[in-house]
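A quick write-up on the structure given underneath.
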Amino acid sequence: MSGWIAVAGLGPGDEALVTDEVRAALAGATDVVGYIPYVARVAPREGLTLHPSDNRVELDRAGHALDMAAEGKRVVIVSSGDPGVFAMASALFEALEQRPDPGIYDIRILPGITAMLAAAARLGAPLGHDFCAINLSDNLKPWDLVEHRLRLAVQAGFAMAFYNPRSKSRPHQFARALEILREEAGGETLISFARAVTTPDEALNTVTLAEATPEMADMRTVVIVGNRDTRRIGRFVYTPRSAR
């Protein structure tokens with residue numbers, strides 16, 4: 001039996017947004033590995049072994065997948081959203097770099113709909129011009145680098161999508177991020193909070209930076225900040241395609 005690894009994005013939450021390509025990989029897999037809540041989205045069946053693991057063990061998870069593929073198993077590493085956006089695709093290649101024979105593995109990266117894009121679609125088109133995505137967690141980079149990137153992104157006129165804005169272990173950092181945004185962009189810039197998009201818990205809220213508070217975000221929230229041209233039209237928010 002020839003083994004392979006697929007790194008698959010399960011999308012933002014709604015099972016209707018899982019691609020056919022990902023469904024086919026899961027149907028052919030012998031093993032599924034991933035963070036506990038993501039593996040829980042995969043239905044058990046005969047011939048499939050589920051390997052849920054805790055957060056922050058991405059490299060161990062990737063190494064385990066490589067070991068199983070080398071044994072001839074068909075492995076799917078699951079991520080939410082898209083596996084290449086702050087997720088397991090990069091972790092797999094980090095682990096692969098440590099192997100003496102990286103060319104022997106059959107690896108496929110299967111894209112998914114990101115939380116950022118699902119949130120933007122619900123809101124309208126806030127990412128309709130140039131934009132960037134920033135992970136506000138400082139688990140893998142220093143906080144001063146986060147602040148530096150925030151300032152430069154605003155100064156460059158990007159709309160921004162923020163992942164992992166606020167957690168119980170670092171509740172103060174998003175408050176600081178809002179301060180920086182107000183300093184650089186002013187209080188009238190629109191900021192949208194899209195929580196649990198495509199799930200029954202979905203909640204959308206758009207306010208100005210002057211009105212925004214840290215408590216509006218948690219780890220299930222994608223935050224989208226517009227640029228100077230971003231505006232409302234009815235219940236929607238959009239950023240024009242052209243820059244003034």
Side-chain angles (χ1 to χ4, degrees), residues 3-19 21-69 71 73-96 107-119 133 135-141 162-171 174 194-203 217-223:
W4 48 257
I5 298 176
V7 192
L10 297 177
D14 187 341
E15 293 306 308
L17 298 182
V18 180
T19 69
E21 183 181 40
V22 169
R23 293 183 192 279
L26 290 170
T30 58
D31 296 81
V32 170
V33 302
Y35 181 35
I36 296 166
Y38 307 152
V39 174
R41 292 179 57 184
V42 178
R45 59 169 169 78
E46 185 177 354
L48 177 66
T49 302
L50 303 177
H51 305 269
S53 53
D54 202 354
N55 205 4
R56 300 193 186 186
V57 293
E58 290 89 350
L59 290 179
D60 292 341
R61 187 180 301 144
H64 185 205
L66 289 168
D67 290 341
M68 288 192 290
E71 296 167 1
K73 295 182 178 180
R74 304 183 300 275
V75 185
V76 176
I77 304 174
V78 289
S79 293
S80 66
D82 181 278
V85 179
F86 306 124
M88 280 301 300
S90 182
L92 177 66
F93 291 121
E94 285 183 46
L96 187 65
I107 295 174
R108 313 158 193 180
I109 310 301
L110 309 183
I113 297 173
T114 72
M116 168 182 67
L117 297 182
N135 189 334
L136 294 187
S137 171
D138 63 350
N139 288 335
L140 297 174
K141 59 181 180 288
F162 299 150
Y163 282 72
N164 301 320
R166 185 171 178 267
S167 69
K168 292 179 180 179
S169 64
R170 45 181 183 82
F174 187 56
R195 185 178 189 276
V197 170
T198 80
T199 78
D201 298 325
E202 176 177 303
D218 63 14
M219 287 294 282
R220 296 188 69 192
T221 306
V222 173
V223 179

Looking at side-chain heavy atoms only, is the closest gap between Val39 and His51 below 4.5 Å?
no
Show your working on side-chain contact (heavy atoms from CB on, under 4.5 Å) between Val76 and Val42 and close with a plain yes or no.
CA-CA 11 Å; Val76 176; Val42 178; over 6 Å; no
Other residues, nucleotides, ligands: >12 heavy atoms within 6.0 Å of Arg56 CZ:
no
Arg74 vs Asp31 side-chain heavy atoms within contact, under 4.5 Å:
no
Just how far is it from atom CZ of Arg108 to atom CD1 of Ile5, taken to the nearest 0.5 Å?
10.5 Å
Leu110 vs Thr19 side-chain heavy atoms within contact, under 4.5 Å:
no
Asn135 and Ser137: which non-hydrogen atoms are nearest, and at how many Å?
OD1-N, 3.0 Å
Are the side chains of Val78 and Val22 in touch, meaning some heavy atoms are under 4.5 Å apart?
no
Going by heavy atoms in the side chains, are Thr199 and Arg220 under 4.5 Å from each other?
yes
Any chance you could measure Lys141, atom NZ, to Asn139, atom CG, to the nearest 0.5 Å?
9.0 Å
Might you point out which heavy atoms bring Ala91 and Glu58 nearest each other, and give the distance in Å?
CB-CB, 3.9 Å
Residue pair Arg41 / Val18, side-chain heavy-atom distance below 4.5 Å:
yes
Mind checking the CE-OH spacing from Met88 to Tyr35? Nearest 0.5 Å is all I need.
13.0 Å
Can you name the nearest heavy-atom pair linking Pro165 to Phe174, along with the distance?
O-CB, 3.3 Å
If every non-hydrogen atom of Ile109 is compared with every non-hydrogen atom of Pro83, which pair is closest and at what distance?
CG2-CG, 4.0 Å
Could you grab the distance from atom CG of Asp82 to atom OG1 of Thr114, nearest 0.5 Å is fine?
7.0 Å
Quickly, which of Leu136, Thr221, Val223, Val85 forms a side chain to side chain contact (heavy atoms under 4.5 Å, CB included) with Tyr163? Name it, please.
Val85
Nearest 0.5 Å please: distance from the CE atom of Met116 over to the CZ atom of Phe86.
8.0 Å
Testing Ile113, Val222, Leu117 for side chain to side chain contact (heavy atoms under 4.5 Å, CB included) with Pro12, which one passes?
Ile113
Just verifying a value: how many Å separate Ile107 CD1 and Ile77 CD1, rounded to the nearest 0.5 Å?
8.0 Å
Tell me, do Asp54 and Asp60 make a side-chain contact under 4.5 Å, heavy atoms counted?
no
Quick one: closest heavy-atom pair of Met68 and Val33, and the distance?
CE-CG1, 3.5 Å
